[in-house]
Protein chains: 2
Amino acid sequence: MQGYDKYAYEPFAVTVDLAVLTLRAGALHVLLVERGQEPYAGHWALPGGFLLPEESAERAARRELAEETGLADVSGLHLEQLRTYSEPDRDPRMRVVSVAFTALLPEPPEPRGGGDAAQARWLPYGSAGPLAFDHDRILADAHDRIGAQLENSCVATAFCPPEFTLGELQQVYETVWGTALDRPNFRRKVLATPGFVEPVPGAARLTGGRGKPAALYRAGTATTLHPPLLRPSREGRPA
Amino acid sequence: MQGYDKYAYEPFAVTVDLAVLTLRAGALHVLLVERGQEPYAGHWALPGGFLLPEESAERAARRELAEETGLADVSGLHLEQLRTYSEPDRDPRMRVVSVAFTALLPEPPEPRGGGDAAQARWLPYGSAGPLAFDHDRILADAHDRIGAQLENSCVATAFCPPEFTLGELQQVYETVWGTALDRPNFRRKVLATPGFVEPVPGAARLTGGRGKPAALYRAGTATTLHPPLLRPSREGRPA
DNA sequence: CGACTAATAGTCGATACGACTATAAAGAGC
DNA sequence: GCTCTTTATAGTCGTATCGACTATTAGTCG
């Protein structure tokens, strides 16, 4: 920062890229757009775009999120900066520095058709061949980050609708981590953490279909999870 | 990213800012440079500078780190991207997007006088009044991040020389967290975590001064800490 | 009605953790 | 030399937490 006066500097194009994740039918899905032009024509890419002159990266990301999902109100959605990708050759045409974000959505709406060319679609995580540019790496980093955050924070509720059952919350963990969890133990842990979830007062119950109806909960006020909810059998614990 | 062809874009200046932390005499210190020119003339600022045309942010950060510390070999130092700051008004002169990094150093060398104007110095954390630009916030974010990482990773060894005692390692935790830890329990926890530290084979011992000589350890190969080493009395656990 | 399904309740043993006491090995001061 | 202080290391004990498991409840489906 202090080098201003001594060194010349090069201007760069700055963009935001969004890894928008959601759960559809018990599987992790990603919002992707199909590229119509070279390079990477026909490949899928993460949605994103350039920063406007008077816009922070956070604001640009939220604007792009609204544009791509077609949602009227994105102000309550969970959006978080992931990291910045700045390899000189990450775009063959020019030097582009990109600030990547992760967004978590409940109940995904069908993405609107977009203006014209690029159509956005929900695709199952990992099903869209190699993505354009370095977007495979960005998406993998986003997945890693979310998985780690489920352990120490309460973001899992960001994947759920305003009222949800503990079974739905558990599915978030199982889907993102790719492991099955013991239901009674998960329940005990979540309810023992103050502020993680709070029961919906009116003995409200939701019947998803078969089985005993489950109690409904809302997201609590807590953001951090102490002690953390560790995923099973990560490297290091052999037996 | 795919918006290229549809939208115009504005070029931005891109810089890196470094929050370089170390321990000197049991206190957390930060590497700061004094600004000679407006704005913020006379204030302290984080070291940093512009990206060169063919340089990634990581490379620029490592180059700046070498320049500011005067160290010949910075290849082994712990350097990690923190986040990117892009508020439109964060620099009054122009639009600057800055990628911030945190660096952890053992045994800090006296910073070299630098080229000419800006002199770099180690100052105790929190002692340098308000910093220039948004550097107070960047530094606070870096401190938060390091504190959290001590819980789940083995980065604490990055603050220590190649061979260190468990007492020194514990001091890293106590200094960054600002809390005292029970020595036998800390020892039990560290030694029970495979790959965190490994003993120096030759019954090597170091006498720092008074007291029984301590065994020496080296950093192990593990990077993540499972289960984590939680700091005491964080919010949420009342009694 | 019975089979099935999913939610909820509860038990039990292993383990990790916080608090604490005890011992060992050095230097400082007398 | 002897004691006091300092720091490292060893070990104990009770509690909270966690993983695995069983049992019960309340619905739907055939």
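Numbered from 1 within each chain, the chains take letters A, B, ... in sequence-line order.
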Heavy atoms of B:Ala148 and B:Arg231 approach each other most closely as N-NH2, 3.3 Å
Locate the shortest heavy-atom distance separating B:Arg218 from B:Pro162; write the atom from each residue and the value. CG-O, 3.5 Å
Taking the ring of B:Phe164 and the ring of B:Tyr217, is the distance between their centroids below 6.0 Å? no
In whole Å, what is the span from the [atom1] atom of [X] to the [atom2] atom of [N]?
{"X": "B:Phe186", "N": "C:dA19", "atom1": "CZ", "atom2": "C1'", "result": "17 Å"}
{"X": "A:Lys212", "N": "D:dT24", "atom1": "NZ", "atom2": "P", "result": "13 Å"}
{"X": "A:Tyr217", "N": "C:dA7", "atom1": "OH", "atom2": "P", "result": "11 Å"}
{"X": "A:Gln170", "N": "C:dA7", "atom1": "CD", "atom2": "P", "result": "8 Å"}
{"X": "A:Leu230", "N": "D:dC18", "atom1": "CG", "atom2": "P", "result": "8 Å"}
{"X": "A:Arg210", "N": "C:dG2", "atom1": "CZ", "atom2": "P", "result": "21 Å"}
{"X": "B:Leu181", "N": "D:dT9", "atom1": "CG", "atom2": "P", "result": "16 Å"}
{"X": "B:Glu168", "N": "D:dT9", "atom1": "CD", "atom2": "P", "result": "11 Å"}

What is the nucleic acid contact for B:Arg183, judged by heavy atoms within less than 4.0 Å: base, sugar-phosphate only, or nothing? base
B:Asp182 and B:Arg187 ion-paired at < 4.0 Å: no
Report, one pair per line, the protein and nucleotides 20-22 of chain D atoms (nitrogen or oxygen only) whose separation is under 3.5 Å.
from, atom 1, to, atom 2, distance (Å)
D:dA20, N7, A:Asn185, ND2, 2.9
D:dA20, N6, A:Asn185, OD1, 3.3
D:dA20, N6, A:Arg188, NH2, 3.3

Start with the C-alpha distance between A:Glu58 and A:Arg62, add both sets of side-chain angles, then the distance that settles salt bridge (charged side-chain N to carboxylate O under 4.0 Å, His left out), and finish with yes or no. CA-CA 6 Å; A:Glu58 282 71 19; A:Arg62 207 166 280 279; over 6 Å; no
I want to check something: taking the side chain as every heavy atom from C-beta on, are B:Thr175 and B:Phe159 in contact at a cut-off of under 4.5 Å? no
Take B:Leu229 and A:Leu191, find for each the nucleotide of DNA chain C with the closest heavy atom, and name the residue whose nucleotide sits nearer the 5' end. A:Leu191
Looking at B:Lys189, I'd like to know whether one of its side-chain N or O atoms comes within less than 4.0 Å of OP1 or OP2 on C:dC17. yes
Any side-chain N or O of A:Arg187 less than 4.0 Å from the OP1 or OP2 oxygen of C:dT8? yes
A:Tyr85 side chain to A:Asp141 side chain, donor-acceptor N/O pair below 3.5 angstrom: yes
